[in-house]
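Beneath this line is the structure, given in structure tokens, with notes to follow.
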There are 4 protein chains.
Amino acid sequence: MSYTATPEDRFTFGLWTVGNIGRDPFGEPVRKPLSPVEIVHLLADVGAYGVNFHDNDLVPIDASPSQRDTIVKEFKAALKQTGLVVPMATTNLFSDPAFKDGAFTSNDPAVRAYALHKTLRAIDLGVECGASTYVFWGGREGVETDAAKNPLEASKRFREALNFLCRYNQDQGYGLQFALEPKPNEPRGDIYLATVGHALAFIQTLDQPEMVGVNPEVAHEQMAGLNFLHGVAQAWEAGKLFHIDLNDQAPGRYDQDFRFGAVNLKSAFFLVKFLEDVGYAGSRHFDAHAYRGEDYAGVKEFARGCMRTYLLLKEKAAQWNADGEIQALLAEINAGEQAPLAYSREAAAALKARDFDRAALGARGLPYERLDQLTVELLLGSR
Amino acid sequence: MSYTATPEDRFTFGLWTVGNIGRDPFGEPVRKPLSPVEIVHLLADVGAYGVNFHDNDLVPIDASPSQRDTIVKEFKAALKQTGLVVPMATTNLFSDPAFKDGAFTSNDPAVRAYALHKTLRAIDLGVECGASTYVFWGGREGVETDAAKNPLEASKRFREALNFLCRYNQDQGYGLQFALEPKPNEPRGDIYLATVGHALAFIQTLDQPEMVGVNPEVAHEQMAGLNFLHGVAQAWEAGKLFHIDLNDQAPGRYDQDFRFGAVNLKSAFFLVKFLEDVGYAGSRHFDAHAYRGEDYAGVKEFARGCMRTYLLLKEKAAQWNADGEIQALLAEINAGEQAPLAYSREAAAALKARDFDRAALGARGLPYERLDQLTVELLLGSR
Amino acid sequence: MSYTATPEDRFTFGLWTVGNIGRDPFGEPVRKPLSPVEIVHLLADVGAYGVNFHDNDLVPIDASPSQRDTIVKEFKAALKQTGLVVPMATTNLFSDPAFKDGAFTSNDPAVRAYALHKTLRAIDLGVECGASTYVFWGGREGVETDAAKNPLEASKRFREALNFLCRYNQDQGYGLQFALEPKPNEPRGDIYLATVGHALAFIQTLDQPEMVGVNPEVAHEQMAGLNFLHGVAQAWEAGKLFHIDLNDQAPGRYDQDFRFGAVNLKSAFFLVKFLEDVGYAGSRHFDAHAYRGEDYAGVKEFARGCMRTYLLLKEKAAQWNADGEIQALLAEINAGEQAPLAYSREAAAALKARDFDRAALGARGLPYERLDQLTVELLLGSR
Amino acid sequence: MSYTATPEDRFTFGLWTVGNIGRDPFGEPVRKPLSPVEIVHLLADVGAYGVNFHDNDLVPIDASPSQRDTIVKEFKAALKQTGLVVPMATTNLFSDPAFKDGAFTSNDPAVRAYALHKTLRAIDLGVECGASTYVFWGGREGVETDAAKNPLEASKRFREALNFLCRYNQDQGYGLQFALEPKPNEPRGDIYLATVGHALAFIQTLDQPEMVGVNPEVAHEQMAGLNFLHGVAQAWEAGKLFHIDLNDQAPGRYDQDFRFGAVNLKSAFFLVKFLEDVGYAGSRHFDAHAYRGEDYAGVKEFARGCMRTYLLLKEKAAQWNADGEIQALLAEINAGEQAPLAYSREAAAALKARDFDRAALGARGLPYERLDQLTVELLLGSR
């Protein structure tokens, strides 16, 4: 196997990822900005399938209409030339000082209106470039002190904005699927809709819930120390895994956005295995950036590394599924009649009256150490 | 104000809380077990309104039917004598070795059947003692390695069990409201339905979602570093705040179950203020236990402390709502037309075309430092 | 008590704190930069005692010698005019791209030399402005991957740089005390000398350990979930508490640098009580910044809030020490002969042979719940 | 390579590790206790080199002198029969209720005396069984509230106890090396000497610091989200790495004590590489236990897994050191004159006057992404 990405792998990057210039809270930029066209070529060069963007990654917030049109024209030409596509677009509702207290949930109604205005135009831009998924990351939708905003009011505002935008999507016939991207904190002290679970629950309160899913990000769930796979599985089961952001992150820290697999190979493995096993057909989007020390040669290594690690783990997943000893253990673990009990008054009564050998149930040894160790050894390449 | 609890405050404790004997992973018990009847009297003595229990807090897992009946009779007599009520009951699906790989999600179908059997009987017991809320804490529903259990399969099993039990509740005419209690980890490496959000989303996939809500616990959300208030508000808005577990916890640690307010007074304040402001009418249940060094005199101090701190913070909440300077700041913060934009094609077009003074929106100073400092000074008693 | 700061309180701020312009990883600046002279006047206005700085807070990295001299002259004039002093200075070894892989521990020997060069000049600048304490925060001294740097080599480099600078301090007769400021991560994946403990241990390996102490920061230890008081006490006991950075932080998150007391009033209380009880005579330096939504009026509220909360807690500490019930509990808790056993062969033999009533030792109730609850009620102003 | 442990690998386990019976805060034991003799045979069976113990792992706390002697005799016979050795012993100062507020730092002087008494006898027992290293884990040395104990007083008590015990060790001619094992929390809210750094600093305040080193444990540092390798390297550089506890742990959670390598293979790799590269000659002690679901066959799999993973990673470390591409990158990264600047007045003056091309220093690309990716691919077995 070559571990070289092909379009079939559906690997995508954001303009902001390989285009990241290495500024952080304590340091100045270390890389010169690339133009969107340059980034498209860089991504084509490393074998990516697509490129995603925030409105202002492509069109500066203060561009004139004619500048906008020129930029879009050149960008689309670069797409055509390279064969890259734009599966996803999103709005930057966090960089401008106007959004310092949130966008859709800002306490200032004028800011909320501006956020809606900006998103409508950004949706048009995304659709114009071919996007079929539209992501909402509410990075500023939160608080540093709960004295300043009522969470019920914030929720109401967030919902109203999304309902409005769903109607717009429908009305325009865009056919976009919307995907909410949760995050627990940073840049706000606490961000609303902190996890995949909170976002999934919130979606059910929208007017058109069928139009809205989630965009889970590895780093965002791991910041809260949560098991990312479990959140992804819940989204998948609910039919809501509309997009996914792959990267890596040490738990309990600032948002690191490391190369996929850079922190925890085992959890990355179970994630890849899940996506491949269930047949997830969407983008494998890498929302990560290179270490700040890299030049653009290093940025390419970073991008290639994300994809190579995914492909390596995909191969491992197939190997795991084909490993006789592992599969025998799984069969042993899952032995017994698996059909659930159907409810009836009689079934309940019978179950209540049934005798169980509690001690025997507790005495059965579960060979999970062996199964996990086999997984480790398979990952290390010694099986 | 006296800060002495009255039944109107609806303060409840579990048999397992003031009855905790101080065993931990590294140490032996330090307090002699009290009988359920003794605990009822202890709670009456400190002014509690009610007492909740797991089936085996009241009736040992190996009690004979006649022993069970005697225990229940004596317990109900103590309730009658003291005036305490049992608003909530739940099942112990975690202590027995049979549940070492979970109860409803165990890989062993016989264990799953036994968990259902045990829950049916525990529901009967709870109802017999007067409970109207029934809690499900899936403490063992999880994994140490994702090699051992498919999260989709686990979800399916969990759902089937709850659907079965909802039918039973309905069929028996018990009228119980079910409440799921989420937790991210401990005692399992990762527990399914890790947060309030995940539980709320899961409920929507049940056959009878209207019967099922959540029982958020301060410590469980704070273990993951999440803002507890935000989860509670989301549950409240969804009409799903069926119960609440009050205690305290330093983030990113083992499950501490400290006295309410013992770690973070400010977040406890915003929680109490929320519950009182929205008119939450359910139990204020303290799922906490005394420090391991205490004797039963200290356990009573612990229990009184939970309730006194709640009442102190409730008084502070009223003071905050009545504070002229604070309310003036809130009015300033929330100034402007608050009505949301109703969608129409024309409204969207107009909004897209509208000019915004982005710089002016960003330049407005938001007096949240002052508001938060006033809150701090109010908490410290200097306002 | 007025809670209005006076010079005797020794409250200091950095130029970078009230001068923070509100840029973060996801957002652009929200406040216009103030000049150092303007910041001095702002701090005088709110009642601060002193102002600290990184070299480049005062003198831009690309200033010419004559520009530098003009800036310093104007700054010193502002100090004279306002009466503010400069107790501490430090070096910015993190903003410039040159330091992207560290300063003293960079893998590039030319960067290490440049870091030393920059620090020598910054020390001169600090001394010229009156500083007696010089802080070293090694914010870039770390790694994202341990493949890239050998921790032993990094330690050696760090030590060599500090030994060189100690010699310079001595040789110039500056009489500075050096203070190392630890932090576990951010902006690097992992930072060397992660905690107060690691820094204290490292100091003992220097050529002139007596010249070097620590500058613990609330937020930095709390990022790792550590008890800040315990680290401060260890530094104090070792005679190494040369400076302290006060702010606040939720555990397990990005570096928040919130207003002192904004997150956890109880831990802030125990800290203030400790500093006042032991007679810590150094600066109470607030290394924090206002919420990003504030204008400069709000920045002043932030600064006043830091100081007011300190003074409020100082008053509470005195009240705690004078509270009869609390002191009676402490006396009860610490009853018994407190003299330690002096070693002798005979004493050891006697101790080995001595009989202990283990059960009695374990049975004694420890009234810590009551003591903690009294502390909570004192903090809430109800005692 | 066989990955089968041999005595030369110096793999050790505690009696309490493979002998763990699977009790946790929420569940009853799942495995029947094994006798010390049975554990010795189990360990011999899986290929361990040695077995360590707490006094009460071997001799129950209430054993009579003659029972003690019989137990020791049988234990030593089993050692002789199997060839296993006892490199390390330690004291259980945490299980008994007497220690509920600490042992050496308890507020009760009688408890402190009892802790010393118990440790003297446990040291004798350890020496009798051949131990050359004696570990101190102060699991109960801490607080839930800082109201209850002065950290300065606690530190003084801890020091006095260790000084006493050092004198005893010397006086008896035991030649033991003492090793302090830090941990940040659990079972106490906060434990004193929270990290390797704090312990190293504390050792310097003892009367005989040369006799005392540290016993870092993977899980304990990772609970606080710290980089374990960095703490180990600091201990090694200080000549204080007297012992090491290997296991695994997800950050920011309860103490998990998982099989070595079970959570993060990459950090485990860098640790093994460090120990092998520097020539650490002490025990590789696994302070871990099997998942609660296992029977004793599974416990053996667990133990074998710890050792196999270590050996696999040791082989990877050798491969990394021999990999031409990796070594070429390291050479490139570390190019340039590495000798440090020796201090002289002239050297400092020259350095201050030297011109640096700051922009050029910042422009150099650092190929750490490539280096880290090569490490990942080597770990995955694809190099």
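Quick caveat, the model's predicted, so the values are computed rather than measured. Letters A, B, ... are given to chains in the order of the sequence lines, protein chains preceding strands, and every chain is numbered from 1.
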(request) Under 4.5 Å, counting heavy-atom pairs only, tell me which of Tyr192(C), Trp320(C), Phe270(C) racks up the most with chain D. (result) Phe270(C)
(request) For Tyr168(D) and Ala348(C), work out which heavy atoms get closest and say how close. (result) CD1-CB, 3.9 Å
(request) For the residue pair Leu226(C) and Thr195(D), establish whether any side-chain heavy-atom pair is separated by less than 4.5 Å. (result) yes
(message) Testing the 3.5 Å rule here: is there a donor-acceptor pair between the side chains of Tyr343(C) and Asp207(D)?
(response) no
(request) Could you label the plane-to-plane angle of the Phe356(D) and His117(C) rings as parallel, tilted or perpendicular, counting under 30° as parallel and over 60° as perpendicular? (result) tilted
(request) Pick whichever of Asn163(D), Leu341(D), Thr375(D) has the most heavy-atom pairs under 4.5 Å with chain C. (result) Leu341(D)
(request) Heavy-atom distances under 4.5 Å only: say whether Ala224(D) touches chain C with side chain, backbone, both or neither. (result) both
(request) Report the option among Glu369(C), Glu144(C), Lys273(C), Arg167(C) that has the most heavy-atom pairs separated by less than 4.5 Å from atoms of chain D. (result) Arg167(C)
(message) Show the nearest heavy-atom pair for residues Phe164(C) and Ala342(D), with the distance to one decimal.
(response) CE1-O, 3.8 Å
(message) Between Asp62(C), Leu371(C), Val143(C), who has the most heavy-atom pairs with chain D when the cutoff is under 4.5 Å?
(response) Leu371(C)
(message) Heavy-atom pairs under 4.5 Å with chain D: which of Pro109(C), Pro151(C), Pro97(C) has the most?
(response) Pro109(C)
(request) Counting only heavy atoms closer than 4.5 Å, note whether Ala339(D) contacts chain C via side chain, backbone, both or neither. (result) neither
(request) Please examine the side chains of His230(D) and Leu193(C), heavy atoms only from C-beta on, and report whether any two atoms are closer than 4.5 Å. (result) no
(message) At a heavy-atom distance under 4.5 Å, which candidate from Pro251(C), Ala233(C), Ser267(C) has the highest pair count against chain D?
(response) Ala233(C)
(request) Not counting sequence neighbours, which residues clear salt bridge (Lys or Arg N to Asp or Glu O under 4.0 Å) with Arg358(D)? List them please. (result) Asp96(C)
(request) Taking all non-hydrogen atoms of both residues into account, name the closest pair between Gln234(D) and Ala201(C) and its distance. (result) NE2-CB, 3.6 Å
(message) Heavy-atom cut-off 4.5 Å, strictly under: side chain, backbone, both or neither for Ala335(D) against chain C?
(response) backbone
(request) Rounded to the nearest 0.5 Å, what's the gap from CD on Gln172(C) to CZ on Arg345(D)? Could you check? (result) 7.0 Å
(request) Pick one of side chain, backbone, both or neither for Ala350(C), based on which atoms fall under 4.5 Å of a heavy atom in chain D. (result) neither
(request) Answer whether the closest heavy-atom distance between the side chains of Leu152(D) and Val278(C) falls below 4.5 Å. (result) yes
(message) Out of Leu330(D), Asp357(D), Leu366(D), return the one with the most heavy atom pairs under 4.5 angstrom to chain C.
(response) Leu366(D)
(message) Under a 3.5 Å threshold, yes or no: a donor from one side chain and an acceptor from the other, between Asp146(C) and Asn227(D)?
(response) yes
(request) Check each atom of Phe202(C) against the heavy atoms of chain D and say whether the ones under 4.5 Å are side chain, backbone, both or neither. (result) both
(message) Taking every non-hydrogen pair under 4.5 Å, which of Leu229(D), Val196(D), Leu374(D) racks up the most with chain C?
(response) Leu229(D)
(message) Between Asp124(C) and Lys352(D), does any side-chain N to carboxylate O distance fall below 4.0 Å?
(response) yes
(message) Other residues, nucleotides and ligands only: do more than 12 of their heavy atoms fall within 6.0 Å of CZ on Arg364(D)?
(response) yes
(message) Under 4.5 Å from any heavy atom of chain D, what part of Ala238(C) do you find: side chain, backbone, both or neither?
(response) neither
(request) Name the member of Asp372(D), Ile203(D), Leu200(D) that forms the most heavy-atom pairs with chain C at distances under 4.5 Å. (result) Asp372(D)
(request) Mind listing the closest non-hydrogen atom pair of Ala110(C) and Leu361(D) along with its distance? (result) CB-CD2, 3.6 Å
(message) Counting heavy-atom pairs closer than 4.5 Å to chain C, which one of Asn150(D), Ile61(D), Asn185(D), Ile326(D) comes out on top?
(response) Ile61(D)
(request) Identify which of Val111(D), Asp101(D), Thr205(D) forms the greatest number of heavy-atom pairs closer than 4.5 Å to chain C. (result) Asp101(D)
(request) Take the angle between the ring planes of His198(D) and His198(C) and call it parallel below 30°, perpendicular above 60°, tilted in between. (result) perpendicular
(message) Looking only at heavy atoms and a cut-off of under 4.5 Å, which of Asp277(C), Leu116(C), Asp171(C) has the most pairs with chain D?
(response) Asp171(C)
(request) Output every pair passing salt bridge (Lys or Arg N to Asp or Glu O under 4.0 Å) with a member in residues 230-239 of chain D, not counting sequence neighbours, ordered by first then second residue. (result) Arg159(C)-Glu237(D)
(message) For the residue pair Asn107(C) / Tyr368(D), report whether a side-chain donor-acceptor contact shorter than 3.5 Å exists.
(response) yes
(request) Using a 4.5 Å cut-off on heavy atoms from C-beta on, say whether the side chain of Leu351(C) contacts that of Leu120(D). (result) yes
